[in-house]
Amino acid sequence: MIPVTKSFFPPIEDYQKQVQRIWDNQWLTNNGALLQELQEKLVAHLGVKHIIPMTNGTLPLHIALKALAKGGEVITTPFSYVATTASIVWEQCTPVFVDIHPEYLTIDETKIEAAITKQTTAILATHVYGNPCDVEAIENIATKYDLKVIYDAAHCFGVRYKGQSIFNYGDVSTCSFHATKLFHTGEGGAAFVQDEAMKHEIFFRHNFGHDEPTAYHGLGTNAKMSELQAAMGLSVLPYMDNILEARKTIVDYYDAHLDFSKLQKLKIRPETQWNYSYYPVIFPTETDLLNAIDRLNAADVFPRRYFYPSLEALPYIDSNQCPIAKDLASRVLCLPLYVGLKEKEIIHIISILGETLYVF
Ligand SMILES: *Cc1c(COP(=O)(O)O)cnc(C)c1O
């Protein structure tokens, strides 16, 4: 079976060595030694200012929205994983969808201003597939209208834009360290912020609102990363260069051998150092896509419809329509991409796709 992705497993000895440290320390969570070490290593590895590791990649979205969007209207993208929209609704904010760019698939920054009202408090955009939004244009709009900017950068581990980490943009950027993401801690995630004041704002909220054991700064929840999660992170991090290299080889192979006279490929924004996190292809029609899925499934290959449906179609949303996102979401398919995917498997996938596209 060839799935869309497989989790990276470091050698078990590496993990055992880290877990041994937890037993030696007799310390399982609450700012433990492994967490602190992972935090320092991630700051250095990524070139970011401040990181607040968390227990998954969804809670940093909730916390950032609670701190910055304050129940207002949040301008957002319909083309992302459901967590982006669900966290807005869960935080009792109102999502206002702005359609996406037809090639970059990120929010169309030229359509944001028209969606701003007196109730707008924030923009929550996704660097979908690790492809950066137009962060400069978004920053200009946010400054002009006094809005906060949150980036769902769940797909962005290792992505650099104009020579620096993409996590360094926005008031808060978030990442997911879920098992299926590039760098992982099993479950996990983080918020990235630019200054001490915002770090405090996010930090106390992820730790029940505590400032001190007997003092509360404000409303908080529990989003702390445990030592077991940090142990996995410390075991995976040394392999990130190998992981990126292996994924690049596969992406280069798809790029060189797929027939792009029929398929549309994701356009990566200029001046981006991408991380090869997903391999989306866009079919001419949804029928072509469904046909390709059938044939691939019959050959024991299981690509995924990331991200379908377009999020303004969620059952708890009554909202504006985004025709470009709706159309693209119906035609996009992510092909298998993971460390260990073999060349002959890639050739097989490419040949099945070739056959499906030429019967029409
Ligand atoms: C994976 C993902 C999340 C959620 O992250 P978890 O760590 O699974 O909670 C949020 N947004 C996007 C775009 C994602 O792909």
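Order of listing sets the numbers, starting from 1, for every ligand and every atom in it. These numbers were taken from a predicted model, which means no experiment stands behind them.
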[atom] [closest protein heavy-atom partner, distance rounded to 0.1 Å]:
| atom | answer |
| --- | --- |
| atom 9 (O) of ligand 1 | Thr58 OG1, 2.6 Å |
| atom 11 (N) of ligand 1 | Asp152 OD2, 2.7 Å |
| atom 1 (C) of ligand 1 | Lys181 NZ, 1.6 Å |

For this session: Using the ring-ring contact (aromatic ring centres under 6.0 Å, His included) rule, pick out the option among Phe183, Phe177, Tyr239, Phe157 that qualifies with Phe8.
Result: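 When Phe183, Phe177, Tyr239, Phe157 are each tested with Phe8, the ring-ring contact (aromatic ring centres under 6.0 Å, His included) holds only for Tyr239.
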- [ ] Check for a donor-acceptor pair, side chain of Glu227 on one end and backbone N or O of Leu34 on the other, with a separation under 3.5 Å.
- [x]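 Checking the backbone N and O of Leu34 against the side chain of Glu227, a donor-acceptor pair under 3.5 Å is found.
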Practice task
Answer yes when Lys17 and Glu13 have at least one side-chain N-carboxylate O distance shorter than 4.0 Å, and no when they do not.
Solution key: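 No salt bridge links Lys17 with Glu13.
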* To do: Identify whether the distance between the nearest side-chain nitrogen and carboxylate oxygen of Lys111 and Asp108 falls below 4.0 Å.
  =>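 Salt bridge between Lys111 and Asp108, a charged N being under 4.0 Å from a carboxylate O: yes.
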Polar atom proximity, [X] to ligand 1 (N or O, under 3.5 Å):
| X | result |
| --- | --- |
| Ser176 | yes |
| His155 | yes |
| Gly57 | yes |

Proximal ligand 1 atoms for [X], defined as those under 4.0 Å from one of its heavy atoms:
| X | answer |
| --- | --- |
| Ala83 | 10 (C) |
| Gly188 | 7 (O) |
| Ser80 | 13 (C) |

task: Test side chain to side chain contact (heavy atoms under 4.5 Å, CB included) on Thr287 and Leu290 and set out the steps.
output: CA-CA 5 Å; Thr287 310; Leu290 294 171; 5.9 Å; no
Has Phe9 got more than 12 heavy atoms of other residues, nucleotides or ligands less than 6.0 Å from its CZ?
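Check fails, neighbour count at 12 or below.
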Within a 6.0 Å radius of atom CD on Gln92, are there more than 12 heavy atoms belonging to other residues, nucleotides or ligands?
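No.
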Problem set entry | Nearest option to atom 14 (C) of ligand 1, as decided by whichever heavy atom of Gly189, Ser87, Ala154 sits closest |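 Going through Gly189, Ser87, Ala154 one by one, Ala154 has the nearest heavy atom to atom 14 (C) of ligand 1.
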